[in-house]
Each structure stands twice: as structure tokens, then as C-alpha cells.
Amino acid sequence: MSSSSLSYVHPTANSPWGTYLSQVDRVVPYLGELARWVETLKRPKRALIVDVPIEMDDGSIAHFEGYRVQHNLSRGPGKGGVRFHPDVTLEEVMALSAWMTIKTAAVNLPYGGAKGGIRVDPKKLSLKELEKVTRRYTSEIGIIIGPHSDIPAPDVNTNSQIMAWMMDTYSMNVGGTATGVVTGKPLHLGGSLGRVKATGRGVFVTGREAARRLGLDLKGARVAVQGFGNVGSVAAELFAAAGAKIVAVQDHTGTVINDRGLDMAKLVEQARKEGGIVGFKGGDTVSNESFWDVACDILIPAALEGQITAERAKQTKAKLVLEGANGPTVPEADDILAERGVLVVPDVICNAGGVTVSYFEWVQDFSSFFWGEDEINERLDRIMMNALNSIWDKADQHKISLRTATYAVACGRILMARQERGLYP
């Protein structure tokens, strides 16, 4: 990776950090004089690796590996989720933190990018063990997080309860209640209305505009959704409410299809009760790879990164891809989709609804004045639409993809901030 190689990670072309570096390289021609600062984007400001030891319910001592990476803080404090997953790596967290840097700049929020994670399968822990892991991890990263320095939030396998434990642990360590240290909290601990559905709502709002520009009527449009957590399920419900047919859904338990459209209310209820969608009586269970062959107009990858490979990019029938997940499309697949005329609304704008309402929550915590849900949704929609329109203008101006245009807008803002701040000392 030339001069931007780092000694502590070894990315491949399609690995998370490798994908991110490729995306940055593509934007350099559009940065003008700011390109002299581009190396800033290829190196995280700070990467913390911590040991997370806890006493298990059976009395044994277990150790888990934890991370918190602050990629760039030029435009404000770090912002980014914490994921609990057995396959989390430093490289993945670095890439996710970098995508947060781009995302917050793309929607013009006063944040930098950060991300955290623990290599653990939370499904194998009791509730008490999960609390211990969360609290010890929070204590270990407490030296770099805070309401004015780095504000964690929920991500894969984390939720409002885990944010409550994080907030409480940090507060106990500093000797006072600090509601603004995390977002995505329960409402009665300073959480915000609209936060849970915000990311999925952002996918819908950007998708609706993209469909309008393509001349694709949402009424009767066929939608395939990969991932049925907060993001995928909410986006699916909103598209269904707009008249679209959700013809395929995939989650960690398997894939369910129905050519006439799946009943979202019943599918959401099944997923909540059973912990997955497989066995749903309103559709047929098929192999996971069959998901990519489904006849659809809109594809929403809302699971993990690296899901749309070159082969799957050739397979999909979709006209529009809405990236609900972070980094779901590898660079080679991006090129194939472009060649095939498939429009991709990139993750760094498409799923920015979550961090936008996290910003609202943070602002509300500082002011101790809370807004109604309608006001939050109205503000969210306005910010998302303004950001998407400026990105679309950039894409039209330079005849480039929406992803490269998003990076051009975001990286320009980040590197201008870096240039104006200068180097200290």
C-alpha cells in the first residue's frame, strides 16, 4: 500500500481497511490543493487495544480483546458505535472509524470518526457476564472517551441497555452523571426519540430520492433486504408502507422469499419472538446464496461489510443498491455495478441517519431540553436530503459515482479543517 502502509495491519484489496484506502485513492483527483493532506485520511489518529478480563458465572476468568479507534478528530470529537462480535479485528474497527469520519463530514455534523469493538459472542454470555464485559471495557477505554472527546453508540449486537451500562460506568469513574458520553441510550437516561429507527429511516429517505431520480415508482417496486436488525427491518417496513413489495429477506438464521411480498408486521414479530426469520410461514426458506439471484428493483445490504462481491455484483437483478451496512460492497464489485448501470447510494450517506439522530441526542443532553419525534424526523429528513442533493450535484459536475462524490464532499471538509487548524506543535 505504498507510503500509507501501516506496520500493525496487513489489508488485502477487499478487506475493510483495504476497501477504505481504495475509496480514498479514487477521490484524490477531486481534492485540488487539499490533496497534499490526503495521507491524514490513511492513518488513524489513535488506536487503543485493551484486555477485558471478567469473572464468569462459573467462577472462571475469561479475557476478551477490545478496541477503540479514533480515526480523525479534525472537525470535532470522535463519534462511532461499539460492536460485540467474535470476528471483530483491529483492521475492521479502523475501517469502520474511518467510514464514520467520512459519514459525519458528508452530512456536515461537527464530529470526527471513531469506532469500538470487543471480540466476543454476546449470545454465549449471561446477562450478568454481558454487563461485566461492557463495564470493564468502558473502564479500559475511559481514558480516551468522553462527552467532548469521543462519544460511543450502539452497533452490531449492542443496544440501549449496553449504552446505559457504559454511561453509568463512565459516570461512576468521573464522579458525576455524564449523559452525553454515549448516544443510543434509553429515553429515561437522556436518550432521544427516533434514535432506534433513525438509520433505517435514513436508508428509506435517501432511497426514495434515488428512486425518484431513476424514475422508479416505489409502488410495486420489489425490494430485497439483507440483515433484519434495526436498520434492515425499519427500512423494509418504511418501503412496504410506501407501497413496495419486500420479496426477500436474509438474516443470520437464513433467507426467506415470497414473490408476492412478505408481510412485514408478521415477519418483524417472528424475528422478535424467535430470534430470526427462518421458519416464517408467509414465505419460502431458500439457500443464502439464492438471495443474490432474487428478481428485485432495490437491494438493501444492511448486515456486515464485504457482502457484495464481484460475483454477486454480476448476479443481482437490482437497479438500485442502498447500503444500509458499513462497507458492504468491495471495490471490484463497485466497478461491476457501475458498468452494469446499477446506481449505488453509498453507506457514508445512505446509513447516516443513525449518527444524525445521535447528534440530536448529544445536543439535547447538553441542553437538557428534548424534542418531539415529529420534530426529530423532520430535522433528520432535511439534513439527509440537503446532504444527498449536494453530493448529487458533485457527482453530476464531475461525472463520477455517488460514492466518489460523497468522498469528494466529505474529504474536502475534513482536509480543509486539517489545513486551517495546522499542525501542532
Side-chain angles (χ1 to χ4, degrees), residues 68 70-82 97 99-116 138 142 144-155 158-160 162-164 166-168 170-171 174 176-203 205-206 230-231 234 348-388 390 409-410 413-414 417 421:
R68 186 69 185 176
Q70 294 168 348
H71 173 256
N72 188 284
L73 306 181
S74 294
R75 301 183 70 253
K79 189 79 192 77
V82 175
S97 71
W99 284 321
M100 284 302 299
T101 300
I102 304 298
K103 191 181 303 182
T104 55
V107 289
N108 211 13
L109 301 179
Y111 285 140
K115 206 77 175 189
T138 306
I144 63 169
I145 65 170
H148 298 285
S149 53
D150 182 0
I151 305 104
D155 196 76
T158 55
N159 55 23
S160 61
I162 285 168
M163 293 304 109
M166 290 189 74
M167 188 272 277
D168 181 68
Y170 181 87
S171 296
V174 300
T177 300
T179 54
V181 69
V182 296
T183 56
K185 302 179 296 296
L187 285 178
H188 47 276
L189 290 178
S192 176
L193 293 167
R195 173 62 186 87
V196 172
K197 294 188 174 183
T199 308
R201 183 178 179 83
V203 171
V205 169
T206 54
N230 274 350
V231 181
V234 170
V348 283
I349 182 63
C350 189
N351 69 30
V355 71
T356 302
V357 177
S358 275
Y359 167 64
F360 296 164
E361 180 177 334
W362 185 67
V363 169
Q364 291 171 90
D365 284 341
F366 277 125
S367 65
S368 297
F369 181 81
F370 291 83
W371 311 333
E373 188 160 5
D374 288 345
E375 183 178 359
I376 284 165
N377 286 339
E378 185 183 322
R379 288 173 185 259
L380 169 63
D381 292 2
R382 187 166 62 246
I383 286 176
M384 295 291 287
M385 285 303 301
N386 287 344
L388 184 62
S390 66
V409 170
R413 288 173 178 160
I414 298 157
R421 288 181 65 157

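Values below: all heavy atoms of this structure, side chains included; hydrogens, waters and symmetry mates excluded. If you read the sequence from its start, that first residue is 1, and numbering goes on from there.
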On the 0 to 90° scale, with breaks at 30° and 60°, tag the Y359-W362 ring pair as parallel, tilted or perpendicular. tilted
Counting only N and O atoms by type, is there a donor-acceptor contact under 3.5 Å from the side chain of S97 to the main-chain atoms of G113?
no
| task | Please tell me if the side chains of F360 and E375 come closer than 4.5 Å, counting only heavy atoms from C-beta onward. | result | no
Evaluate the criterion side chain to side chain contact (heavy atoms under 4.5 Å, CB included) for residue pair F366 and H148; output intermediate values, then yes/no. CA-CA 11 Å; F366 277 125; H148 298 285; 3.5 Å; yes
Heavy-atom nearest pair, L109 first then R75, reads O-NH1, 2.7 Å
* **Any M166 side-chain heavy atom under 4.5 Å of T158 side chain** => no
Heavy-atom nearest pair, V181 first then P147, reads N-CG, 3.9 Å
For E373, the salt bridge (charged side-chain N to carboxylate O under 4.0 Å, His left out) test, sequence neighbours excluded, returns none
Test side chain to side chain contact (heavy atoms under 4.5 Å, CB included) applied to I102 and I414, step by step: CA-CA 8 Å; I102 304 298; I414 298 157; 4.0 Å; yes
All heavy atoms of K79 vs all of V355, minimum pair found to be CG-CG2, 3.7 Å
Rounded to the nearest 0.5 angstrom, the CD-NZ distance for Q70 and K115 is 14.0 Å
(Q) Are the side chains of N159 and P154 in contact, using a 4.5 Å heavy-atom criterion? (A) no
In terms of heavy-atom contacts, V348 and W99 come closest through CG1-O, 3.6 Å
message = Measuring only between side-chain heavy atoms, which start at C-beta, is I162 closer than 4.5 Å to V82?
response = no
Looking only at heavy atoms, the pair that brings A410 and A106 closest together is CB-N, 3.8 Å
Rounding to 0.5 Å, atoms CZ (R201) and CG (N377) come to a distance of 4.0 Å
Output for pair (N351 CG, T356 OG1), nearest 0.5 Å, gives 9.5 Å
* To do: Would you indicate whether the side-chain heavy atoms of H71 and M100 approach each other to under 4.5 Å?
  => no
ask   = Do the side chains of P77 and D150 get nearer than 4.5 Å, heavy atoms only?
value = no
For residues 186-200, run the donor-acceptor check on the side chains, cut-off 3.5 Å, and write out each pair with its distance to 0.1 Å, sequence neighbours left out.
| unit_1 | atom_1 | unit_2 | atom_2 | d |
| --- | --- | --- | --- | --- |
| S192 | OG | Q364 | NE2 | 3.1 |
| R195 | NE | S358 | OG | 2.9 |
| T199 | OG1 | G354 | N | 3.4 |

query: Are any non-hydrogen side-chain atoms of M167 and M163 less than 4.5 angstrom apart?
result: no
Shortest non-hydrogen pair, R421 vs S74, comes out as NH1-O, 3.0 Å
Item to complete: Report yes if the side chains of T101 and Y111 come closer than 4.5 Å at any heavy-atom pair, otherwise no.
Response: no
Side chain to side chain contact (heavy atoms under 4.5 Å, CB included) with V107: of L388, N386, I383, only one passes, and it is I383
